[in-house]
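Working notes, beginning with the structure itself.
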Amino acid sequence: NAGVTQTPKFRILKIGQSMTLQCAQDMNHNYMYWYRQDPGMGLKLIYYSVGAGITDKGEVPNGYNVSRSTTEDFPLRLELAAPSQTSVYFCASRLLRDTEAFFGQGTRLTVV
Amino acid sequence: QKEVEQNSGPLSVPEGAIASLNCTYSDRGSQSFFWYRQYSGKSPELIMSIYSNGDKEDGRFTAQLNKASQYVSLLIRDSQPSDSATYLCAVNRPSMDSNYQLIWGAGTKLIIKP
């Protein structure tokens with residue numbers, strides 16, 4: 001099992017560009033999450049999904065979009081990148097609503 | 001008031017001593033609790049989960065949960081320099097859509113001094 005896989009690991013974007021951060025899990029988990037973590041700060045929830053076809057906003061969704069067409073994949077789309085989106089992005093998944101979450105390796109994004 | 005509070009540290013502990021990390025939470029409906037370790041530049045990794053009041057031990061780690069007082073703690077015995085990291089407390093609380101949300105503390109930075 002690969003667990004949770006995120007691509008790319010690093011990316012530099014120019015202001016106004018768009019990109020998709022990929023996240024895939026092979027554990028058949030129902031719940032998937034996108035977080036961002038700014039230096040020295042905690043995790044902030046961007047979007048989450050409780051199953052294929054179902055997504056919902058977290059606490060910081062502005063500037064992002066997600067989709068969940070399959071159980072395995074949960075891509076995060078950044079439209080019109082802004083410097084405020086410079087951060088480390090983590091994807092996580094868990095099997096049930098009260099079990100532990102497993103994280104991908106993270107994507108370090110810089111917007112210049 | 002934050003939903004999950006941790007002392008940001010840094011907490012400095014001599015090698016071989018016991019490190020004690022604390023976390024308080026505000027929602028009494030919270031059901032499950034997790035401790036994660038995060039090394040600098042890496043992703044969080046699960047150390048312990050605890051669901052019931054009392055202590056849960058796993059090797060050098062002990063998680064303690066007191067739902068009445070709304071706190072959860074992590075003890076690390078025989079601390080090693082490799083334990084130096086930021087420790088994140090996560091609390092699973094009910095959300096309005098009948099699911100549960102993981103609420104994260106900001107983390108406590110632990111430094112083990114040789």
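A, B, ... follow the sequence lines: proteins, then strands. Residue 1 opens every chain.
Within a 6.0 Å radius of NZ in B/Lys109, no more than 12 heavy atoms belonging to other residues, nucleotides or ligands are found.
Cluster annotation: B/Tyr100 and A/Ile46 are assigned to distinct hydrophobic clusters (Ile/Leu/Val/Met/Phe/Trp/Tyr, side-chain heavy-atom contacts under 4.5 Å, transitive). The hydrophobic clustering, which links ILVMFWY residues whose side-chain heavy atoms are closer than 4.5 Å, places B/Trp35 and B/Tyr25 together. Under a hydrophobic-cluster definition in which Ile, Leu, Val, Met, Phe, Trp and Tyr are linked whenever side-chain heavy atoms come within less than 4.5 Å, directly or via other members, A/Val4 and B/Phe34 are assigned to different clusters. No continuous path of hydrophobic side-chain contacts links B/Leu75 to B/Ile47 [ILVMFWY only; heavy atoms under 4.5 Å]. Connection of B/Leu74 to B/Phe33 is established within a shared hydrophobic cluster, with ILVMFWY side chains joined at heavy-atom distances below 4.5 Å, either directly or through further cluster members.
Within the 4.5 angstrom heavy-atom criterion, only side-chain atoms of B/Gln38, from C-beta onward, approach chain A. With a threshold of 4.5 angstrom between heavy atoms, B/Leu46 approaches chain A through side-chain atoms but not through N, CA, C or O.
Of residues 25-39 of chain A, those residues with a non-hydrogen atom less than 4.5 Å from any non-hydrogen atom of chain B are, in numerical order, A/Tyr31, A/Tyr33, A/Tyr35, A/Gln37. Listed by sequence position, A/Phe90, A/Arg94, A/Arg97, A/Asp98, A/Thr99, A/Glu100, A/Ala101, A/Phe103, A/Gly104, A/Gln105, A/Arg108 are the residues of residues 85-112 of chain A in contact with chain B, using a 4.5 angstrom heavy-atom cutoff.
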Checklist entry - Between B/Trp104 and A/Lys44, does a side chain to side chain contact (heavy atoms under 4.5 Å, CB included) hold up when you go through it step by step? => result CA-CA 8 Å; B/Trp104 296 85; A/Lys44 292 185 179 179; over 6 Å; no

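We find the CG-CG distance between B/Leu102 and A/Leu43 to be 9.5 Å, quoted to the nearest 0.5 Å.
Considering only heavy-atom pairs separated by less than 4.5 Å from chain A, the leading option among B/Leu88, B/Asn99, B/Thr86 is B/Asn99.
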